[in-house]
*Asks:* 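One structure, as structure tokens, below. Some questions next.
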Protein chains: 2
Amino acid sequence: MPVNSFDDYLLTWKPEKSKLSSPLYRSIASMLEYDIINGFLLPHTKLPPQRELADYLDINLSTMTRAFKLCEVKGLIYAITGSGTYVAPSVRNAIYSKEYQNIIEMGIIHPIDETNKMVSDTVKNIVNKDYLESLLNYSYPLGMPYHLMAAKKWIEKANLDMSVDNISITSGGQNTLALALTTMFNPGDKLAVDVYTYPNFIELANLLHIQLVPVKSDETGMIPAELEAVCNLVQGVYLIPTCQNPTAVTMDMQRRKELAKIINTHRLTLIEDDIFSFLGEENLLPISHFVPNHFVYGISTSKSINSGLRIGYVAYSNQFIDKIQNGIFNLNVKTSSFNAEVITELINNGVAEQIVLRKKQLIQERNKIYTKYFNIPANELKLSFFRWLPIPLKAAVNIEARALEQGIQIYHSDRFLTKKHSEAQFIRLSISSPKDTNELETGLLTLKNMLGNTMK
Amino acid sequence: MPVNSFDDYLLTWKPEKSKLSSPLYRSIASMLEYDIINGFLLPHTKLPPQRELADYLDINLSTMTRAFKLCEVKGLIYAITGSGTYVAPSVRNAIYSKEYQNIIEMGIIHPIDETNKMVSDTVKNIVNKDYLESLLNYSYPLGMPYHLMAAKKWIEKANLDMSVDNISITSGGQNTLALALTTMFNPGDKLAVDVYTYPNFIELANLLHIQLVPVKSDETGMIPAELEAVCNLVQGVYLIPTCQNPTAVTMDMQRRKELAKIINTHRLTLIEDDIFSFLGEENLLPISHFVPNHFVYGISTSKSINSGLRIGYVAYSNQFIDKIQNGIFNLNVKTSSFNAEVITELINNGVAEQIVLRKKQLIQERNKIYTKYFNIPANELKLSFFRWLPIPLKAAVNIEARALEQGIQIYHSDRFLTKKHSEAQFIRLSISSPKDTNELETGLLTLKNMLGNTMK
DNA sequence: TAATTTGTACCTTAACATTTG
DNA sequence: CCAAATGTTAAGGTACAAATT
């Protein structure tokens with residue numbers, strides 16, 4: 001029975017006692033869900049402490065915890081130990097292409113589509129091959145043997161030597177991540193990630209109910225000691241070793257080895273995303289190389305070769321072969337052989353390398369322009385498609401909307417944040433996306449002026 | 001403290017007491033996992049009752065339950081109330097293409113690839129279009145506007161009238177199902193399905209930790225009263241209204257309306273898979289038509305138009321727009337515009353309809369051959385790509401392996417079963433997959449002889 | 001920095017449902 | 001059809017950890 005009378009007590013949310021039914025925790029959760037969905041509780045409203053509600057409803061604290069947990073996994077509320085439970089905002093942070101008119105795109109990272117002329121030439125050649133029909137049927141769900149040979153070749157360029165038995169073809173980088181998370185982890189599992197990471201990965205993890213545990217970084221990437229501190233808590237770790245998104249930080253060999261050692265010692269599962277390896281130094285080895293028994297390694301061709309064809313490669317440890325390959329059947333059945341054929345042909349006829357070379361030239365030029373307006377810290381990748389610009393706190397307010405008013409799409413660091421609170425403020429600027437270098441200059445100049453007052 | 005001494009007690013599995021550590025339930029689960037993975041416990045081994053283990057380890061019963069639950073979600077064990085807990089077999093039932101030599105394929109359903117000549121002609125035309133490069137970039141992740149118009153047109157042929165705002169392009173039928181399950185349900189949710197259903201759907205649900213609740217059918221499909229009986233338990237229902245896989249049963253309009261009524265009344269989410277609508281009667285309306293506020297409707301073009309290009313269409317209620325579209329970004333980012341263009345062109349230039357017509361002719365011919373050997377029940381779809389053949393219990397033993405020895409791949413009904421135990425025995429015969437009608441006849445004759453002794 | 005607030009994790013108790021014999 | 005065996009579920013109790021003041 002309640003210790004006090006609550007009749008005149010002010011709670012921000014009061015479930016109706018009379019509507020309680022068995023099971024208690026479900027009936028409470030559905031009342032809360034109803035009130036949030038119907039707008040009676042606005043985003044960021046602080047709910048009463050679990051203890052107060054439990055007392056008010058005359059039930060046990062942990063029954064209340066369970067009710068809240070149900071709503072939390074649905075994304076309706078979020079809880080901070082020591083602080084309280086709050087109604088979740090319904091904003092989505094995932095980044096994807098919108099068809100804007102007259103907006104300079106510096107938000108989403110376009111992979112420099114100028115090289116697509118070289119791709120379309122190869123497409124034209126392929127349709128004249130006499131085996132075209134064999135590319136249009138159901139066979140080889142994991143990739144045709146010579147498609148896998150090309151994949152192996154491409155993965156070797158990133159300094160990972162794999163048997164074709166440990167390689168499959170996926171429908172792009174995001175698809176590889178979805179595959180890795182659904183097959184290697186269970187809902188409720190925890191995964192270590194950088195404090196700032198790729199927002200579509202954050203949303204994917206949310207969708208699959210995999211909890212992210214933020215780990216601090218320094219100028220060389222994730223700090224090994226910080227990973228070690230959480231590794232009894234987590235089942236795996238997600239890393240982008242070259243040109244981490246959004247910070248543009250690349251790990252040196254020492255850091256890669258240090259992280260690998262921790263992953264091996266604690267038998268974590270490594271999800272390595274090597275999407276930008278083609279922009280880094282040629283002698284860097286993937287972390288997976290040092291974690292031969294616990295890795296899933298994804299290397300998309302969307303940024304390096306062509307984005308529209310949606311082809312990614314995934315390589316994995318022997319012990320994961322069954323899980324990954326079965327996951328591919330479950331999520332996709334297969335990836336189109338025609339699309340894989342185009343990428344295979346580009347790799348085999350050397351055009352893929354030309355494309356990479358050309359992209360590097362173009363992005364070097366754009367980075368040079370960038371330095372006319374802002375600095376590039378020494379630890380960040382020179383040839384990055386995007387830059388991570390620190391801004392003062394007072395400049396951060398509504399900065400995305402304010403930039404959009406000036407005709408520029410950018411993203412604020414909060415989108416990339418896996419923690420609840422942010423300290424430092426940044427914006428990520430995609431310098432590969434503006435249509436040409438003139439547009440890039442216009443964008444950078446506008447931003448410089450916008451930030452100007454507050455930057456000094 | 002244990003009631004009895006267990007030193008001389010015979011348990012099929014004895015966790016080492018000395019290795020217990022906190023948290024108890026995790027340490028027990030990992031000991032069990034270790035013993036299963038390393039082969040100390042063989043599939044179908046019956047584990048000791050939870051109560052006995054709890055007593056032996058001197059811990060609480062529900063701590064033991066929790067430990068077992070951990071292993072169960074990983075697929076290592078399965079439990080039957082009243083009977084016991086058993087080590088799970090590591091077999092996977094998912095059906096996918098293998099590259100067999102000299103085997104007559106009557107297992108996996110190939111969609112009659114003979115019509116792919118017509119597809120490759122259209123592919124050749126497309127590469128000469130001057131907008132080819134625009135098909136190779138990042139834009140329009142949900143589908144280009146005129147691709148969505150073609151999707152609308154194709155969905156209308158299945159008698160569902162949708163706005164393009166409620167349609168997206170996916171990477172095929174399985175991808176649509178993965179999308180629907182990840183976005184519309186949470187792990188632990190329950191979904192009503194036919195007792196026999198599509199095995200890749202069963203595996204997908206397992207992968208995503210969505211529990212399937214089998215619902216009985218009669219000769220017109222799922223029985224409405226049986227669905228009603230479980231609908232307080234489940235959050236949704238998965239239905240294949242035309243040519244249910246594997247039973248080849250098609251629901252009449254009355255059955256569709258009856259099921260729709262229950263879905264509406266109990267606010268279930270309908271996942272409707274209309275993959276075979278092109279083979280059914282032209283005046284049948286999808287169930288989604290009668291459930292305008294609770295449906296996700298998938299119609300793959302893999303069986304009807306072309307399987308290799310991996311294009312599916314998904315239509316959905318207004319209230320699901322955000323969830324589905326966000327799910328597409330999370331799982332795939334986008335589906336290749338080039339591939340969508342090919343299917344669009346085939347729909348717009350009328351070739352898709354010719355393909356369907358031709359497929360219907362070919363499958364009619366093959367069904368005619370089938371009737372020379374086996375009967376087709378009156379309630380099953382005439383133009384089905386596959387047949388569902390009842391067999392006597394004594395014929396069922398090892399039937400897949402025995403058929404394979406004779407050079408024929410077939411699938412036994414247990415693969416399709418969502419319940420633990422089966423009563424009746426069937427085999428599913430794909431009659432669309434043998435290379436030609438001669439091969440089909442050889443396959444059917446061989447099976448007839450194999451079953452001959454036991455069929456009478 | 002220490003005390004307090006607040007959410008989290010683990011384990012226990014007890015009632016319940018299904019299968020088996 | 002009942003009783004026993006066996007797994008499942010809800011809810012209570014306690015210790016702990018993180019954030020706040």
Side-chain angles (χ1 to χ4, degrees), chain A residues 1-2 11-13 20-30 32 46-73 77-88 188-190 211 213-214 229-230 232-234 419-421 423, chain B residues 1 11-13 20-30 32 46-73 77-88 188 190 211 213-214 229-230 232-233 419-421:
Chain A
M1 131 188 50
L11 296 171
T12 51
W13 179 65
L20 277 185
S21 63
S22 182
L24 293 172
Y25 78 103
R26 278 189 193 273
S27 82
I28 295 163
S30 67
L32 180 56
K46 182 172 173 167
L47 296 170
Q50 296 180 3
R51 276 173 182 77
E52 278 191 35
L53 283 168
D55 202 8
Y56 169 69
L57 293 172
D58 198 15
I59 59 168
N60 188 274
L61 163 66
S62 65
T63 305
M64 203 60 225
T65 305
R66 254 182 113 179
F68 273 28
K69 200 79 204 168
L70 264 189
C71 290
E72 196 179 7
V73 298
I77 58 177
Y78 62 92
I80 304 171
T81 303
S83 167
T85 307
Y86 304 83
V87 177
D189 279 1
K190 294 189 177 72
Q211 290 178 53
V213 177
V230 299
N232 283 319
L233 194 72
V234 301
K419 291 202 301 188
K420 298 273 148 74
H421 314 291
E423 331 79 27
Chain B
M1 129 190 54
L11 296 172
T12 50
W13 180 64
L20 277 184
S21 63
S22 182
L24 293 172
Y25 78 103
R26 278 188 193 273
S27 83
I28 295 164
S30 67
L32 181 54
K46 181 173 175 167
L47 295 171
Q50 297 180 1
R51 277 171 182 79
E52 278 192 34
L53 283 169
D55 203 8
Y56 170 69
L57 293 173
D58 198 14
I59 60 168
N60 189 277
L61 163 65
S62 65
T63 305
M64 204 60 225
T65 306
R66 239 179 130 182
F68 272 28
K69 200 80 205 171
L70 265 189
C71 290
E72 196 178 7
V73 298
I77 59 176
Y78 61 93
I80 303 170
T81 303
S83 166
T85 308
Y86 305 83
V87 177
K190 294 189 177 73
Q211 290 180 53
V213 177
V230 300
N232 283 318
L233 193 71
K419 294 200 300 187
K420 298 268 153 73
H421 314 290

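Heavy-atom basis, side chains included; hydrogens, waters and symmetry copies ignored. In what follows, every chain begins at residue 1, and chains take the letters A, B, ... in the order their sequences are listed.
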*Asks:* What integer distance in Å separates B/L53:CG from D/dG7:P?
*Replies:* 9 Å

*Asks:* Just to be sure I understand the rule, does A/L61 reach a base, reach only the sugar-phosphate, or reach nothing, if contact means heavy atoms closer than 4.0 Å?
*Replies:* base

*Asks:* Of A/E72, A/Q50, A/R51, which meets side-chain hydrogen bond (donor to acceptor under 3.5 Å, both in side chains) against A/T65?
*Replies:* A/Q50

*Asks:* Find the distance A/R66:CZ to C/dT8:C1' and express it as a whole number of Å.
*Replies:* 14 Å

*Asks:* Rounded to whole Å, how long is the line connecting atom CE of B/M64 with atom C1' of D/dT6?
*Replies:* 13 Å

*Asks:* For A/K190, which residues count as a salt bridge (Lys or Arg N to Asp or Glu O under 4.0 Å) partner, sequence neighbours excluded?
*Replies:* none

*Asks:* Nearest whole Å is fine: how far is C/dG7 C1' from A/F68 CZ?
*Replies:* 10 Å

*Asks:* Please state whether the phosphate of C/dC10, meaning OP1 or OP2, lies under 4.0 angstrom from any side-chain nitrogen or oxygen of B/Y25.
*Replies:* yes

*Asks:* Can you tell me if A/T12 uses its side chain to pair, donor with acceptor, with the backbone of A/K46 under 3.5 Å?
*Replies:* yes

*Asks:* Between the base of D/dG12 and the side chain of A/T63, is there a donor-acceptor distance below 3.5 Å?
*Replies:* no

*Asks:* Going from CG on A/L53 to CD1 on A/I59, what distance comes out if it is rounded to the nearest 0.5 angstrom?
*Replies:* 8.0 Å

*Asks:* Nearest 0.5 Å, please: how far is CG in A/L20 from OH in A/Y25?
*Replies:* 14.5 Å

*Asks:* In whole Å, what is the span from the CG atom of A/D58 to the C1' atom of D/dG12?
*Replies:* 12 Å

*Asks:* Rounded to the nearest angstrom, tell me the gap between atom CD1 in B/I28 and atom C1' in C/dC11.
*Replies:* 11 Å

*Asks:* Nearest of C/dG7, C/dA9, D/dG7 to any side-chain atom of A/A79?
*Replies:* C/dG7

*Asks:* Find the distance A/N60:CG to C/dT12:P and express it as a whole number of Å.
*Replies:* 16 Å

*Asks:* How close or far is atom C1' of C/dT12 from atom CG of B/D55, stated in whole angstroms?
*Replies:* 15 Å

*Asks:* Which pairs, protein N/O on one side and nucleotides 3-6 of chain C N/O on the other, fall under 3.5 Å?
*Replies:*
{"from": "C/dT6", "atom 1": "O2", "to": "A/G82", "atom 2": "N", "distance (Å)": "3.2"}

*Asks:* Which side-chain N or O atoms in residues 79-88 of chain A pair as donor and acceptor under 3.5 Å with protein atoms at least two apart or in another chain?
*Replies:*
{"from": "A/S83", "atom 1": "OG", "to": "A/Y86", "atom 2": "OH", "distance (Å)": "2.6"}

*Asks:* Does the side chain to side chain contact (heavy atoms under 4.5 Å, CB included) test come out yes or no for A/M64 and A/I28, once each step is laid out?
*Replies:* CA-CA 8 Å; A/M64 203 60 225; A/I28 295 163; 3.6 Å; yes

